[in-house]
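Here the structure is a predicted model, which means the values were calculated and not measured. As a basis for the values below, the full set of heavy atoms in this structure was taken, side chains included, without hydrogen atoms, waters or symmetry mates.
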Amino acid sequence: MSIDAMYWVWNHSRSKGTARHVMVACANWITGPDCEVRASTAELVQFSNAARSSVIKAVDALVKSGELLMLEEARGTRAALYKIPGAVGYVRPERGSRGPKTGPLEGSQRSGNETPNQNARGPESGPQGSENETPRGPKTRPHNQDHRNHEEEEASSAAVREITEDEKREFGAFWQLHPKSRDMDKTRDAWVAAVLSGVDPKEITAAAKAYAREAAGQEWRFIKQSDRWVRERRYEDKFAPEPTANGKPQLRAVAGGWQPFQNPENHDVYDEPLI
């Protein structure tokens, strides 16, 4: 079903850009005849090599157009359930086929114009052949070959870049600093998807360090596990600033500096409401 669904996307879907990559990803992961698939935003970001915001906008546009249906929204660790209705029951044509197969026509369906003689020929032509030649266009390749080349070009352009050595070391620092590092494989997959979508890995590490400060003293069961913490983009939360050496939080300077209190010359201001 996956190949049939992908063939439908390539030849019948009107999506373009990131939306087309999302459709190809969903079609690629389809395993049943109902053309339903579970896909997380992180997986679609990694497959399409696009920003998370672009993938979310593309999914919304596809759902609005009707080419993609969202049967279930994402809940917790369970990915959203999508369906490609146009691919349901679709079967790609056989290679080299040009149209529906037909047999000999019945007598009632035959044309009344028949060739008078099986060996009948047209006017004899000289050595140079007949002057009436069928016009020929430029030489073309089979449609299936063009389709395969198009798939290869799209796949190469959508190739996901590799994580660098510096980024791998940054993941190690994140793993050490997070207060509840659990399930390294799932955490690494979520972390890689975030980095490939454009998130700075150092920002994730700094957020994990700040989260560890805030989680100090909390009950262990209330602390977010590292894989869920990354998948829910908790590194985008606002954390308290790191305290100074004396243990006090950093204070922001007020414009104009400190000024001593002065009694107002007009005492009527005391009668004015506070708000």
Side-chain angles (χ1 to χ4, degrees), residues 1-3 5-6 8-9 13 15-32 34-88 154-155 157-163 167-168 170-171 174-175 178 180-201 203-205 207-208 211 223-237:
M1 287 304 300
S2 174
I3 299 178
M6 291 184 68
W8 182 90
V9 171
S13 174
S15 57
K16 298 180 180 179
T18 303
R20 194 167 188 83
H21 290 165
V22 170
M23 290 291 290
V24 172
C26 292
N28 183 50
W29 298 329
I30 286 175
T31 57
D34 53 2
C35 292
E36 296 179 1
V37 59
R38 289 195 179 273
S40 65
T41 303
E43 291 172 331
L44 295 176
V45 166
Q46 185 175 5
F47 185 93
S48 61
N49 196 24
R52 181 184 178 86
S53 58
S54 300
V55 171
I56 294 176
K57 291 180 181 178
V59 171
D60 292 341
L62 289 170
V63 172
K64 186 176 181 180
S65 68
E67 286 197 10
L68 188 67
L69 301 180
M70 180 182 290
L71 304 181
E72 295 180 12
E73 296 183 354
R75 293 183 179 179
T77 58
R78 192 173 181 84
L81 179 63
Y82 297 102
K83 180 176 183 177
I84 303 179
V88 176
E154 290 288 340
S157 62
V160 180
R161 70 172 180 84
E162 297 291 336
I163 296 295
E167 291 172 337
K168 292 180 181 179
E170 195 64 36
F171 173 77
F174 160 78
W175 182 259
H178 195 277
K180 197 173 184 179
S181 299
R182 292 287 184 87
D183 202 334
M184 179 177 284
D185 291 338
K186 290 185 178 179
T187 302
R188 182 173 53 246
D189 292 342
W191 184 90
V192 168
V195 172
L196 293 179
S197 68
V199 180
D200 187 351
E203 293 182 2
I204 302 178
T205 304
Y211 178 63
I223 300 177
K224 285 281 187 180
Q225 193 166 304
S226 57
D227 60 327
R228 178 178 292 184
W229 188 86
V230 176
R231 189 165 52 250
E232 295 179 358
R233 302 174 68 91
R234 299 301 299 272
Y235 47 81
E236 295 180 347
D237 293 350

Heavy-atom side-chain contact between Ser181 and Thr187 under 4.5 Å: no
Side-chain (Lys186) to main-chain (Asp227) donor-acceptor, under 3.5 angstrom: no
Are the side chains of Leu196 and Ile163 in touch, meaning some heavy atoms are under 4.5 Å apart? yes
Enter the distance from Asn49:CG to Leu44:CG here, rounded to the nearest 0.5 Å. 13.0 Å
Taking side chain as C-beta onward, heavy atoms only, is Arg231 less than 4.5 Å from Arg228? yes
All N/O donor-acceptor pairs, side-chain side in residues 50-60, below 3.5 Å, sequence neighbours left out:
none

Residue pair Asp237 / Tyr211, side-chain heavy-atom distance below 4.5 Å: no
When rounded to the nearest 0.5 angstrom, what distance separates CZ in Arg182 from CD1 in Ile223? 10.0 Å
Distance col, row Lys168:NZ vs Trp191:CH2, nearest 0.5 angstrom, shows 10.0 Å
Got a second to check how far Phe171's CZ is from Met184's CE, nearest 0.5 Å? 5.5 Å
For the atom pair CD1 (Ile204) and CZ (Arg234), what is the distance rounded to the nearest 0.5 Å? 14.0 Å
Separation between OG of Ser48 and CZ of Arg20, rounded to the nearest 0.5 Å: 14.0 Å
Heavy-atom neighbours of Glu73 CD exceed 12 at 6.0 Å: no
Under the ring pair (Phe, Tyr, Trp, His ring centres under 6.0 Å) rule, collect the residues that match up with Trp29, sequence neighbours excluded. Phe47
